[in-house]
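Read through the structure below, which is laid out as C-alpha cells, and then see the notes.
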Amino acid sequence: LVSSRNIPTIILSQKIGIPKLTKELMKIGIIAPPVPSLALGTVESSLFSILEAYSVFPNAGRKKSLNFLGHSSNSEVQISDKKSIETINQ
C-alpha cells in the first residue's frame with residue numbers, strides 16, 4: 001500500500017476538496033456524489049460520458065461533443081450525432 005499510485009491521487013483530491021472536485025466533474029458531464037472515493041474513479045458513468053470527459057485533454061480544457069460514425073460503405077461515411085446514440089442506448 002505504501003507504493004500505491006492511489007495515494008497521490010487521494011492527497012490531491014483532499015487538497016482540492018471533494019466538493020470542488022465534484023463541481024469540476026459536473027462541468028465535463030460527470031455527475032457524481034461528493035464522496036472521498038470519487039478520486040479513485042468510483043463514479044458510475046457511461047462510456048460516452050467518459051469519452052466526452054476525456055475530450056478536454058486534447059482541446060485545451062474545453063469539452064467537445066462527440067461525433068460517431070454510423071456506418072461506412074465504400075468512400076461514403078455517415079456521421080451520427082450524440083443524441084441518436086443516446087436513444088439507442090436507452
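Bear in mind that the values here come from a model prediction, so they are computed numbers and not experimental data. As a basis for the values below, the full set of heavy atoms in this structure was taken, side chains included, without hydrogen atoms, waters or symmetry mates.
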Kindly compute the distance separating CD (Glu24) from CG (Leu21), expressed to the nearest 0.5 Å. 8.0 Å

Just jot down the side-chain hydrogen bond (donor to acceptor under 3.5 Å, both in side chains) partners of Ser45, sequence neighbours excluded, or say none. none

Between Tyr54 and Leu25, is there shared hydrophobic-cluster membership here, with clusters defined by ILVMFWY side-chain heavy atoms closer than 4.5 Å? yes

Once you round to the nearest 0.5 Å, how far does OG1 of Thr9 lie from CG of Leu40? 7.0 Å

Is any side-chain heavy atom of Ser13 closer than 4.5 Å to a side-chain heavy atom of Ile18? yes

Distance-only, no hydrogens or angles: does the Thr42 side chain make a donor-acceptor pair with backbone N or O of Ser37 under 3.5 Å? yes

Return the minimal non-hydrogen interatomic distance between Glu52 and Lys63, and the atom names on each side. OE1-CE, 3.3 Å

Considering only heavy atoms from C-beta outward, does the side chain of Val43 approach that of Ile31 to under 4.5 Å? no

Going only through I, L, V, M, F, W and Y residues with side-chain contacts under 4.5 Å, is there a path from Ile28 to Leu38? yes

Derivation of the side chain to side chain contact (heavy atoms under 4.5 Å, CB included) call for Ile50 and Ile30: CA-CA 8 Å; Ile50 298 296; Ile30 297 178; 4.1 Å; yes

